[in-house]
Protein chains: 2
Amino acid sequence: MSLRSALLALISAGPMTGYDAAKRFAGSVGNVWYAFDSQIYPELRKMETEGLLVTRPVPWGTKGTTKTEYEVTPEGRAALTDWVSTPLTYALERDPVRLRTAYLEWTDAETARQHFEDHIAHHQAAAEQAYEQIRELTDRTHPTLQRRLENYPEAEAEQMIEFKLMAYRGVCARAEAEISWARECLATLRG
Amino acid sequence: MSLRSALLALISAGPMTGYDAAKRFAGSVGNVWYAFDSQIYPELRKMETEGLLVTRPVPWGTKGTTKTEYEVTPEGRAALTDWVSTPLTYALERDPVRLRTAYLEWTDAETARQHFEDHIAHHQAAAEQAYEQIRELTDRTHPTLQRRLENYPEAEAEQMIEFKLMAYRGVCARAEAEISWARECLATLRG
DNA sequence: CCAGTCATGTAAGATGTTACATGATTCC
DNA sequence: GGAATCATGTAACATCTTACATGACTGG
């Protein structure tokens, strides 16, 4: 159900095509929730039939072609409120890195070292992307934010920014915890 | 493929029934990789047909009933080594908590506060379970470890303990990072 | 006119989740 | 004798992932 919620949240900023949504899932929102294009289009159509979204054909180009823009309905807004208000059922743990770490005796020290280096590199990249999002939010150049600033009053927009900052700070915190854990593991390996 | 690897790793400690495996996935290993019973039994049979495991009927009870014990074959051990040695492709981010946090403007402050409290409670429980595993490993009372100590020489066993400690320390580190993040969010909420 | 982006999909397969189902054994 | 545990599944569904497919438009 989270893909659906992510789409509602995203489109709540203003009307958007499936393509627009897909780009955001590959970019900013993708730091928090990634979705494949092949999932997005069918889900949007399903959400339309369920009344959470409405479509509007928008002329595109010169040859009378159109693209389909989706917009959140009042029912969609209700579903969004509902999702944000309902406690999550936390997913059962499924962590390949920790699983593999527990069985590193099945490989050699050099490979183990390399795994932790990779882990650090991966989370450094993740942290950097999150920091970039934080920068864009702080200096108001964030693209989706721009849409929101047009559609919502100033005070509410400030609130929104605060929550998005919280989310990305969480991504950073997570990444940094992973990095220091991996560094400690490297130290233990050498020790 | 991780379920398969988790099963190989688990059974590498010594022969085990599907039921035994399921219990461990619900207990110690479950802190790192959870699997449903309904997934385990079919996967074990599949792994047997692929030559990674062999079965042995073991008498059980008085009425001539048997249970099926699985054991890792040399091919299974090769597959395990291979999995532990191969770099992971990191899964694309999919974090419901962060996603929801980014859109908390769709609910009220009290609900938001409650969400962060829940987050703290969830990760405190996770951390405690991981600490318990660390204790059991440190004082050598860990059940799967017992099996390994019987089947492997002392020096190797010490190595194994070290890697399992690393894994559970990672779980703790993660949980603690989540807790302090949530606390910061609570502080921000209070303004 | 060609490369890159915009726009929209289908199909097959892997994996994860929920719900249901059954019977033996052991321990109190 | 009854509850808890041991033991083993099946079926339906949801979700995620990979691979493939097509055509219009825009800017250099």
Side-chain angles (χ1 to χ4, degrees), chain A residues 1-7 11 15-27 30 32-50 53 55-70 88-96 99 143, chain B residues 1-7 11 15-27 29-30 32-50 53 55-70 83 88-96 99 143:
Chain A
M1 291 276 87
S2 275
L3 169 60
R4 165 165 300 216
S5 307
L7 282 167
I11 302 173
M16 177 177 307
T17 64
Y19 186 81
D20 291 334
K23 285 305 106 173
R24 273 153 230 231
F25 277 114
V32 150
W33 195 273
Y34 185 86
F36 292 97
D37 303 9
S38 59
Q39 244 188 313
I40 293 170
Y41 291 103
E43 188 64 28
L44 286 173
R45 275 175 280 150
K46 223 169 120 203
M47 288 164 77
E48 197 209 345
T49 67
E50 293 175 34
L53 300 173
T55 57
R56 211 176 8 151
V58 171
W60 177 65
T62 53
K63 299 261 173 70
T65 46
T66 59
K67 56 184 182 178
T68 307
E69 262 188 6
Y70 290 87
L88 285 175
T89 45
Y90 281 78
L92 293 156
E93 219 27 69
R94 217 161 259 141
D95 185 336
L99 179 62
Chain B
M1 292 274 88
S2 276
L3 169 59
R4 167 164 298 214
S5 306
L7 282 167
I11 301 174
M16 169 176 316
T17 65
Y19 186 80
D20 291 334
K23 286 304 107 173
R24 273 151 229 234
F25 276 115
V29 199
V32 151
W33 194 275
Y34 185 87
F36 292 97
D37 303 10
S38 60
Q39 245 189 312
I40 293 170
Y41 291 103
E43 187 65 27
L44 286 172
R45 275 175 279 151
K46 222 169 120 202
M47 288 165 77
E48 197 209 345
T49 68
E50 293 175 35
L53 300 173
T55 58
R56 210 177 9 151
V58 172
W60 177 65
T62 53
K63 300 260 174 70
T65 46
T66 59
K67 55 185 183 177
T68 306
E69 263 189 5
Y70 290 87
W83 166 67
L88 285 174
T89 45
Y90 281 79
L92 294 157
E93 220 25 72
R94 217 161 257 144
D95 185 337
L99 178 63

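Per chain, numbering begins at 1; letters A, B, ... match sequence-line order. No hydrogens, no waters, no symmetry mates; every other heavy atom, side chains included, goes into these values. As the structure is a prediction and not an experimental result, all values here were calculated from the model.
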Without decimals, in angstroms, what is the distance between [X] [atom1] and [N] [atom2]?
X	N	atom1	atom2	value
A:Tyr34	D:dT18	OH	P	9 Å
A:Lys46	D:dA14	NZ	C1'	8 Å
A:Gln39	D:dT15	CD	P	9 Å
B:Tyr70	D:dA7	OH	P	13 Å
B:Glu93	D:dT17	CD	C1'	17 Å
A:Trp60	D:dT26	CH2	P	7 Å

A correct dot-bracket answer for DNA chain D, with pairs being Watson-Crick or G-U at under 3.5 Å, [ ] for crossing pairs and | for inter-strand pairs, is ||||||||||||||||||||||||||||

Derivation of the side-chain contact (heavy atoms from CB on, under 4.5 Å) call for A:Glu50 and A:Met47
CA-CA 5 Å; A:Glu50 293 175 34; A:Met47 288 164 77; 5.7 Å; no

Using a 4.0 Å cut-off to any heavy atom of chain B, which nucleotides of DNA chain C are the first and last in contact, reading 5' to 3'?
C:dT15 to C:dT26

Which residue lies more 5' along DNA chain D, comparing B:Thr68 with B:Ala91 via nearest heavy atoms:
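Final value for this comparison: B:Thr68.
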
With nearest nucleotides of DNA chain D determined for A:Glu43 and B:Glu69 from heavy-atom distances, which residue corresponds to the more 5′ nucleotide?
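Its nearest nucleotide lies further toward 5', so the answer is B:Glu69.
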
Give the minimum heavy-atom separation between [X] and [Y], together with the two atoms involved.
X	Y	value
A:Gly30	B:Glu93	O-CB, 3.7 Å
A:Glu48	A:Leu53	CG-O, 3.4 Å
A:Gly18	A:Leu44	CA-CD1, 3.5 Å
B:Met16	B:Ala21	CG-N, 3.8 Å
A:Ala22	A:Ile40	CA-CD1, 3.5 Å
B:Asp95	A:Trp33	N-CE3, 3.5 Å

Quick check: do B:Trp60 and B:Thr66 have side-chain heavy atoms less than 4.5 Å from each other?
no

Are A:Tyr41 and A:Thr68 side-chain neighbours, meaning at least one heavy-atom pair lies under 4.5 Å?
no

Is there a side-chain contact between A:Arg94 and the phosphate of D:dC16, meaning an N or O under 4.0 Å from OP1 or OP2?
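A:Arg94 to D:dC16 OP1/OP2: no side-chain N or O under 4.0 Å.
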
May I ask you to say what A:Arg4 touches in the nucleic acid, namely base, sugar-phosphate or nothing, with a heavy-atom cut-off under 4.0 Å?
nothing

Please figure out whether A:Ser38 or A:Lys67 has its closest DNA chain C nucleotide nearer the 5' end.
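Looking at the nearest nucleotide for each, A:Lys67 comes out on the 5' side.
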
